[in-house]
Amino acid sequence: MALLISSDTFPTAVSVFKSLFYHISEGELFYHLGITLSRVAITFFIAMSIGVFFGILMGEYKRIDNSLDTLLVIGLNIPALVTIIICYIWFGLTDFAALLAVVLNKVPTVIVTIREGARTIDLKYMQIAQVYKVSKYDTFTKIYLPQIYPYIMASARTGLSLIWKIVLVVELLGRSSGIGFQLSMFFQFFDIESIMAYSMAFIIVILLIETYILRPLEKKANKWR
């Protein structure tokens, strides 16, 4: 289509790859890519840890579930853009505000997924562990957790795809580094080749993470079956 249209607004694949190699050779792409990936990694692990903890609590204890359910619904439905703007206004244009906004947007979705997993726990296994006097630690790590591993992996996969998108918006709105910041600069100059080149680089990295980290972890987590 780019060849047929023959317009600067629709660059060909060759032009995009040339732009990609140019930014790689200049060194700026790896710098901004590294900053964005570090923000993604930090917010991902924080959001997953908090989400898994509260998801299990809400799935296991009805009273906690009832008391936090309204907050959870609010968290799920507040637009990411609103959270980002509020965090920047309250805490300034800092990395702390940026990371906090991403975590607040992701935690509710993790909680919902893990809570459903906790509700599907087969109590027969837990009763067998109790009869044979299995320690609480072994019961939790070897009987309880394996049953919700599929839900953890599902929330991790969807979480990664959601977090990196929000991180780019956060960087675009209020940071001076990262892929999102660079995209905003290219947008001001209508540099579509660079926009697509940076997007391609980040997508390639996410695909590598999915292929060589998340999928092997998922296979290992489900090996007990």
Side-chain angles (χ1 to χ4, degrees), residues 16-17 20-21 23-24 29-60 76 80 95 98-99 102-122 124-126 128-129 134-171 178-180 196-225:
V16 173
F17 275 109
L20 178 61
F21 288 127
H23 290 295
I24 290 175
L29 189 148
F30 286 124
Y31 169 73
H32 291 287
L33 182 62
I35 290 175
T36 297
L37 286 176
S38 65
R39 288 171 179 152
V40 169
I42 292 169
T43 52
F44 175 80
F45 286 112
I46 293 175
M48 286 298 299
S49 300
I50 296 174
V52 169
F53 177 76
F54 281 99
I56 291 175
L57 283 181
M58 293 178 71
E60 288 296 322
L76 285 168
D95 258 358
L99 299 178
V102 180
V103 170
L104 290 175
N105 276 290
K106 177 53 192 167
V107 165
T109 58
V110 179
I111 292 176
V112 168
T113 305
I114 302 302
R115 181 178 64 177
E116 295 307 311
R119 288 173 175 174
T120 62
I121 293 295
D122 193 335
K124 294 178 183 177
Y125 295 122
M126 307 299 289
I128 291 172
V134 179
S135 68
K136 290 183 178 180
Y137 176 80
D138 285 339
T139 300
F140 182 73
T141 58
K142 297 180 180 179
I143 300 174
Y144 186 90
L145 275 183
Q147 294 186 68
I148 63 172
Y149 278 158
Y151 295 89
I152 294 176
M153 292 308 303
S155 64
R157 182 171 280 110
T158 57
L160 183 63
S161 65
L162 178 64
I163 282 175
W164 79 261
K165 294 171 187 174
I166 300 176
V167 166
L168 293 188
V169 176
V170 166
E171 292 175 343
I179 299 292
M196 296 185 74
Y198 265 71
S199 301
M200 183 184 297
F202 202 77
I203 290 169
I204 289 172
V205 171
I206 295 299
L207 287 174
L208 291 174
I209 293 173
E210 168 71 22
T211 303
Y212 295 105
I213 298 179
L214 291 182
R215 287 181 186 174
L217 279 176
E218 186 175 26
K219 287 182 179 179
K220 188 174 181 180
N222 290 322
K223 193 174 180 180
W224 68 276
R225 290 183 181 275

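Remember, it's a predicted structure, so these values are computed and weren't measured experimentally.
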Original post:
Would you call R215 and E218 a salt bridge, using N to O less than 4.0 angstrom?
Top reply: no
Original post:
Of all heavy-atom pairs between E60 and Y144, which one has the smallest distance, and what is that distance?
Top reply: OE2-OH, 2.8 Å
**OP:** Of all the heavy-atom pairs spanning V40 and T43, show the shortest one and how long it is.
**Re:** O-OG1, 3.1 Å
Original post:
Is the closest side-chain heavy-atom distance between L20 and M200 below 4.5 Å?
Top reply: yes
Original post:
Just wondering, do L99 and R39 contact through their side chains at under 4.5 Å, heavy atoms?
Top reply: yes
**OP:** Identify the heavy atoms of A118 and I121 that sit nearest to each other, and give their distance.
**Re:** O-CG1, 3.2 Å
Subject >> Contact summary for A156 and F44, nearest pair of heavy atoms >> reply: O-CE1, 3.4 Å
Could you pull out all donor-acceptor pairs under 3.5 Å where a side-chain atom in residues 50-58 meets a protein atom, sequence neighbours excluded?
none

Subject >> Validation row: T109, T158 side chains within 4.5 angstrom (heavy atoms) >> reply: no
Original post:
What's the shortest heavy-atom distance between I152 and M48, and which atoms?
Top reply: O-CE, 3.8 Å
Original post:
If you look at every heavy atom in T139 and A129, which pair is closest and at what distance?
Top reply: OG1-CB, 3.8 Å
Original post:
Distance from T113 atom OG1 to I148 atom CD1, nearest 0.5 Å?
Top reply: 11.5 Å
**OP:** Verify side chain to side chain contact (heavy atoms under 4.5 Å, CB included) between I111 and I114, making sure each step is shown before the conclusion.
**Re:** CA-CA 5 Å; I111 292 176; I114 302 302; over 6 Å; no
Original post:
How far apart are the C-alpha atoms of V167 and I179, what are their side-chain angles, what is the distance that settles it, and do they pass the side chain to side chain contact (heavy atoms under 4.5 Å, CB included) test?
Top reply: CA-CA 9 Å; V167 166; I179 299 292; over 6 Å; no
**OP:** Any ring pair (Phe, Tyr, Trp, His ring centres under 6.0 Å) involving residues 196-222? Give me the pairs, sequence neighbours left out, ordered by first then second residue.
**Re:** H23-Y198, W164-F202, F186-Y198
**OP:** Please examine the side chains of D138 and T141, heavy atoms only from C-beta on, and report whether any two atoms are closer than 4.5 Å.
**Re:** yes
Original post:
Donor-acceptor pair, S38 side chain versus I35 backbone, under 3.5 Å?
Top reply: yes
Subject >> Note, L160 side chain near E210 side chain (heavy atom, < 4.5 Å) >> reply: no
**OP:** Output the distance between atom CD1 (I163) and atom CZ (F45), rounded to the nearest 0.5 Å.
**Re:** 10.0 Å
**OP:** Report the C-alpha separation of K106 and I46 in whole Å, then their side-chain angles, then the decisive distance to 0.1 Å, and conclude whether the side chain to side chain contact (heavy atoms under 4.5 Å, CB included) test is met.
**Re:** CA-CA 10 Å; K106 177 53 192 167; I46 293 175; over 6 Å; no
Subject >> Reported CG-to-CD1 distance for the pair L37 and I42, which is rounded to 0.5 angstrom >> reply: 11.0 Å
